[in-house]
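Working notes for the structure below.
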Amino acid sequence: MKYFCILISLLAVCHSLPADEPVHERIEWIDIWVTDADKDDLPRVLLVGDSIARGYFGAIEKQLAGKAYCARLTTSKCVSDPTFNDDLLLLLKQYKFSVIHFNNGLHGWGYTEDQYREGLSQTVAALKENSGGAQLIWATTTPMREKTDLQSFAEQTERVKERNKLAAEIMKRNGVSTNNLFELVEDHADWQSTDGVHFNKKGNEALAKQVTQSVSQQLRLAE
């Protein structure tokens, strides 16, 4: 019985350890885009996220035109992936950003929530250490809906809520402001695309408006 208890304890520890090897998805991708990379007369903003951020990026560029240059790092990698920060640092070494708006939470379902917490904590630490004093904004992860009934949330939304809860603790501890995109879209099934994950034009416009407002506020603080 004593050995059984020891085994259970060891398994619990292993379950909470950070990921040493990536848990790959069937298709993985990364998209880095830097607009007006040859100019430095305006502050530069970086959006870190996945295909949701890529969906509203264009609208944010238009809304921030004349105020800031925009860049994005959108990827299918989860912050739990031990190589996630390598990709992020590659961009931070090349450009100076005044504001970094970041999200991660809709990929990496093969990682545990403990691994997600550890990965996100490491990413926040990497941003604070290597961003040159950029203003940081965390964006909550948006919900997923059933394809056949957009009024109903998909099962994965419960994990999204848990990840958002873990992220809130990390951001509070690190003094990082939060842009609550989950709350923005929660009651708007009409903004969702038919795949239950992404957003239609109206949804992307609403997301872009709130992100722009959040970024603009931090740009004023960075002046």
Side-chain angles (χ1 to χ4, degrees), residues 19 22-33 46-63 70-81 83-84 87-88 100-117 119-120 123 137-168 170-171 178-215:
V23 179
H24 292 296
E25 298 182 351
R26 188 178 72 86
I27 297 175
E28 296 192 336
W29 55 272
I30 183 170
D31 172 24
I32 294 176
W33 182 279
L46 174 62
L47 301 180
V48 179
D50 50 29
S51 52
I52 305 299
R54 189 166 59 182
Y56 58 65
F57 177 79
I60 290 174
E61 273 203 310
K62 292 179 181 178
Q63 292 175 27
C70 295
R72 70 172 183 250
L73 189 163
T74 50
T75 179
S76 62
K77 284 186 181 180
C78 178
V79 285
S80 309
D81 188 312
T83 66
F84 180 89
D87 298 336
L88 183 58
I100 299 176
H101 182 279
F102 66 110
N103 164 262
N104 189 279
L106 285 179
H107 287 273
W109 301 118
Y111 296 102
T112 67
E113 292 347 308
D114 283 340
Q115 289 171 328
Y116 177 79
R117 179 197 289 111
L120 185 56
T123 293
I137 308 168
W138 165 254
T140 56
T141 300
T142 51
M144 298 174 65
R145 299 179 184 271
E146 295 288 353
K147 295 180 183 179
T148 56
D149 178 17
L150 294 179
Q151 295 295 331
S152 300
F153 291 115
E155 183 179 351
Q156 294 97 320
T157 295
E158 290 305 311
R159 290 194 68 185
V160 168
K161 290 179 179 179
E162 181 61 24
R163 288 182 172 189
N164 281 339
K165 182 179 178 181
L166 295 174
I170 295 168
M171 302 312 152
T178 295
N179 181 11
N180 199 335
L181 299 184
F182 184 102
E183 186 178 72
L184 173 68
V185 304
E186 184 177 11
D187 297 327
H188 288 280
D190 58 309
W191 290 354
Q192 207 89 34
S193 71
T194 54
D195 66 5
V197 178
H198 300 91
F199 294 88
N200 56 30
K201 182 179 179 181
K202 191 172 182 180
N204 279 324
E205 288 175 349
L207 287 164
K209 180 180 179 180
Q210 182 156 309
V211 172
T212 300
Q213 290 173 344
S214 181
V215 167

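- Contact annotation: the side chain of Leu88 approaches that of Thr123 to within less than 4.5 Å [non-hydrogen atoms, C-beta and beyond].
- Going from atom CD1 of Ile60 over to atom CG of Leu207 covers 8.5 Å, rounded to the nearest 0.5 Å.
- Side-chain contact between Leu120 and Leu166: absent, with no pair of heavy atoms (C-beta onward) separated by less than 4.5 Å.
- Cation-pi geometry between Arg163 and Trp138 is not satisfied (NZ or CZ under 6.0 Å from the ring centre, within 45° of the ring normal).
- In plain terms, the two heavy atoms of Ala189 and Gln151 that are nearest each other are CB-NE2, 3.7 Å.
- Here OG1 of Thr141 is found 5.5 Å from CG of Leu106. Values are rounded to the nearest 0.5 Å.
- Electrostatic pairing of Glu113 and Arg159 counts as a salt bridge here, judged by a charged N lying under 4.0 Å from a carboxylate O.
- Listed here is the closest heavy atom pair of Glu25 and Glu28: N-OE2, 3.0 Å.
- Between the CD atom of Gln63 and the OG1 atom of Thr212 there is a distance of 3.5 Å, given to the nearest 0.5 Å.
- Relative ring orientation between Phe182 and Phe153 is described as parallel, the plane-to-plane angle staying below 30° on a 0-90° scale split at 30° and 60°.
- Inter-residue side-chain proximity for Pro22 and Tyr111 is flagged as met; some heavy-atom pair is nearer than 4.5 Å.
- Closest approach of His198 to Ser51, counting heavy atoms only: NE2-OG, 2.6 Å.
- Of the inter-residue distances, the one linking Leu73 atom CG with Phe102 atom CZ reads 13.0 Å to the nearest 0.5 angstrom.
- Counting only distance, with no hydrogens or angles, the side chain of Thr112 and the backbone of Gln115 share a donor-acceptor pair below 3.5 Å.
- Contact detail for Asn104 and Cys78: the closest heavy-atom pair is OD1-CA, 3.5 Å.
- The closest side-chain donor-acceptor pair between His107 and Asp50, if any, does not fall under 3.5 angstrom.
- Residues Trp191 and Asn204 have side chains not in contact (no heavy-atom distance under 4.5 Å, counting atoms from C-beta outward).
- A donor-acceptor contact shorter than 3.5 Å links the side chain of Gln210 to the backbone of Asn180.
- With respect to Lys161 and Glu158, a salt bridge is recorded, a charged nitrogen being found less than 4.0 Å from a carboxylate O.
- With hydrogens and angles disregarded, a donor-acceptor distance shorter than 3.5 Å links the side chain of Thr140 to the backbone of Leu181.
- In the model, Thr194 has no side-chain atom that pairs as donor or acceptor with a side-chain atom of Lys147 under 3.5 Å.
- Under a 3.5 Å cut-off, the side chain of Arg145 and the backbone N or O of Gly196 do not form any donor-acceptor pair.
- Using a 4.5 Å heavy-atom cutoff, the side chains of Phe57 and Thr74 are not in contact.
- A distance-only check finds no donor-acceptor pair linking the side chain of Asp114 to the backbone of Arg117 [under 3.5 Å].
- Between atom CG of residue Asn200 and atom CD of residue Gln192 there is a gap of 8.0 Å, rounded to the nearest 0.5 Å.
- Without hydrogens or angle criteria, Ser152 side chain to Glu146 main chain gives no donor-acceptor distance under 3.5 Å.
- Salt-bridge check for Asp31 with Arg72: passed, with a basic side-chain N closer than 4.0 Å to an acidic carboxylate O.
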